[in-house]
Amino acid sequence: MVGMKPSDTPPTLGVKLLSAGSAACIADLVTFPLDTAKVRLQIQGEKVASEATKGIRYRGVFGTISTMIRTEGPRSLYNGLVAGLQRQMCFASIRIGFYDNVKNFYSGGADTANIGIRILAGCTTGAMAVSFAQPTDVVKVRFQAQVNLTGVARRYTGTMQAYKHIFNHEGIRGLWKGCLPNITRNALVNCTELVTYDLIKEAILRHKLLSDNLPCHFASAFGAGFVTTCIASPVDVVKTRYMNSPPGQYKSAINCAWTMATKEGPTAFYKGFVPSFLRLGSWNVVMFVSFEQLKRVMMLGKKKMEDKS
């Protein structure tokens with residue numbers, strides 16, 4: 001992956017998995033309120049839960065955050081954080097940590113991989129990650145969509161209770177609800193995010209606009225976040241709506257998309273675009289910088305232990 005210098009000792013798979021998961025958790029801690037605001041904007045327009053929520057309207061990312069703090073308290077911005085961190089340790093460690101290995105597998109161990117190989121590797125690890133971590137994403141989205149107001153019944157009281165409740169009332173399929181649109185969304189996100197980051201950084205270095213340092217990583221990660229949001233937003237909105245819906249509201253993810261298009265129009269697929277972009281752009285910056293630093297620290301620690309032995 002971009003960020004490794006030719007002279008660096010390649011990190012082991014274990015180091016990449018642990019550093020990717022840890023870096024993603026750090027990024028989630030920083031950007032989670034933006035993700036929660038995105039979810040609230042994406043589900044706005046569906047049938048409200050009760051009379052208590054009818055006067056609440058979310059307008060823009062900062063307006064949504066302000067409304068949530070005013071009506072539900074600051075802690076509401078971190079609804080679903082536990083499930084979110086569980087998701088990142090499962091999800092990001094696979095989709096990012098395995099990326100180099102899968103890319104090398106497809107390229108036959110070649111020093112450089114063309115864009116087709118990179119896209120294929122990104123789609124593969126993105127799909128693998130979702131297949132494994134889908135239940136954590138379902139619980140995270142449902143917690144973020146849950147309104148904490150007096151007079152509004154809470155669907156879930158805790159993370160483990162949510163897993164148990166979904167399994168008991170919706171079966172194993174409930175925990176993997178929305179898996180297909182989520183695989184589609186995250187295959188798109190993963191290949192776009194990682195490939196765009198690589199290509200932008202390579203272009204910056206090739207044209208000597210910046211050196212291989214933090215400003216370069218920042219520009220590459222933020223650019224990758226914007227491109228990824230543009231491509232993945234429609235699928236992301238459908239995924240959020242479908243995973244948050246009660247049993248029977250939509251027949252399938254395709255039916256969910258069709259209902260949105262016919263009742264709310266094509267702009268519904270880009271609801272929450274600004275918080276999605278702000279979140280993904282800032283998440284990429286924090287994650288990629290943390291990822292590179294954690295890899296270096298872990299490799300340095302491993303080398304010191306080997307030297308002592």
Side-chain angles (χ1 to χ4, degrees), residues 1-13 15-17 19-24 26-27 30-31 92-129 185-233 273 276-300 303:
M1 178 182 286
V2 169
M4 287 295 295
K5 299 176 182 177
S7 59
D8 289 340
T9 301
T12 62
L13 178 59
V15 167
K16 287 188 285 189
L17 293 175
S19 57
S22 301
I26 294 171
V30 174
T31 64
S93 60
I94 294 174
R95 77 176 183 93
I96 299 170
F98 268 113
Y99 175 72
D100 284 339
N101 294 70
V102 173
K103 183 173 67 175
N104 291 336
F105 172 77
Y106 285 143
S107 65
D111 291 336
T112 58
N114 60 41
I115 189 171
I117 293 295
R118 296 182 189 189
I119 290 174
L120 184 59
C123 288
T124 300
T125 57
M128 287 169 55
R185 183 255 181 190
N186 281 290
L188 285 171
V189 166
N190 203 44
C191 70
T192 306
E193 186 177 83
L194 296 177
V195 173
T196 306
Y197 180 84
D198 276 355
L199 294 176
I200 292 175
K201 184 175 180 183
E202 286 177 3
I204 290 173
L205 297 178
R206 184 171 61 251
H207 294 288
K208 299 181 180 179
L209 300 175
L210 295 168
S211 58
D212 190 359
N213 53 20
L214 182 59
C216 177
H217 300 162
F218 180 95
S220 303
F222 205 70
F226 179 75
V227 174
T228 303
T229 307
C230 290
I231 293 175
S233 186
F273 180 85
S276 290
F277 169 52
L278 291 176
R279 193 260 179 180
L280 198 51
S282 56
W283 191 93
N284 278 348
V285 170
V286 177
M287 192 284 297
F288 277 115
V289 171
S290 300
F291 182 43
E292 299 298 345
Q293 296 305 313
L294 286 170
K295 277 196 298 184
R296 291 190 177 98
V297 169
M298 289 182 187
M299 290 302 293
L300 182 61
K303 187 175 184 301

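Along the sequence shown, the residues carry numbers beginning at 1.
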Please identify each residue that fulfils side chain to side chain contact (heavy atoms under 4.5 Å, CB included) with [X], with sequence neighbours left out.
{"X": "Ile231", "result": "Leu188, Thr192, Val227"}
{"X": "Ala20", "result": "Ile96, Phe291"}
{"X": "Ile115", "result": "Ile119, Val195, Leu199"}
{"X": "Leu278", "result": "Leu34, Val61, Phe62, Val274"}

Please enumerate all residues that pass side chain to side chain donor-acceptor pair (under 3.5 Å) together with [X], with sequence neighbours excluded.
{"X": "Asn104", "result": "none"}
{"X": "Ser22", "result": "none"}
{"X": "Thr125", "result": "Asn190"}

Assess the residue pair Tyr106 and Thr124 against the criterion (side chain to side chain donor-acceptor pair (under 3.5 Å)); give the C-alpha distance rounded to whole Å, side-chain angles, the decisive distance to 0.1 Å, and a yes or no.
CA-CA 10 Å; Tyr106 285 143; Thr124 300; 2.9 Å; yes
Distance-minimising heavy-atom pair for [X] and [Y]:
{"X": "Leu13", "Y": "Phe98", "value": "CD2-CE2, 3.7 Å"}
{"X": "Ser290", "Y": "Val286", "value": "OG-O, 2.7 Å"}
{"X": "Thr31", "Y": "Ser282", "value": "CG2-OG, 3.3 Å"}
{"X": "Cys216", "Y": "Ile204", "value": "SG-CG2, 3.9 Å"}
{"X": "Met299", "Y": "Thr12", "value": "SD-N, 4.1 Å"}

Less than 4.5 Å apart, any side-chain heavy atom of [X] and any of [Y]?
{"X": "Lys201", "Y": "Thr196", "value": "no"}
{"X": "Glu193", "Y": "Arg95", "value": "yes"}
{"X": "Ile117", "Y": "Phe105", "value": "no"}

If the condition is ring pair (Phe, Tyr, Trp, His ring centres under 6.0 Å), which residues does Phe226 pass it with, not counting sequence neighbours?
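Ring pair (Phe, Tyr, Trp, His ring centres under 6.0 Å) list for Phe226, sorted by chain: Phe277.
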Keeping Ser19 on the side-chain end and Lys16 on the backbone end, is there a donor-acceptor pair under 3.5 Å?
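Between the backbone of Lys16 and the side chain of Ser19 there is a qualifying donor-acceptor contact (under 3.5 Å).
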Which value, rounded to the nearest 0.5 Å, describes the distance between [X] atom [atom1] and [Y] atom [atom2]?
{"X": "Met298", "Y": "Leu294", "atom1": "CE", "atom2": "CG", "answer": "5.0 Å"}
{"X": "Asp198", "Y": "Lys103", "atom1": "CG", "atom2": "NZ", "answer": "5.5 Å"}
{"X": "Leu194", "Y": "Asn284", "atom1": "CG", "atom2": "CG", "answer": "8.5 Å"}

Between Glu202 and Lys208, is there a side-chain N and carboxylate O pair less than 4.0 Å apart?
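Here Glu202 does not pair with Lys208 in a salt bridge, since their nearest N and O are not under 4.0 Å apart.
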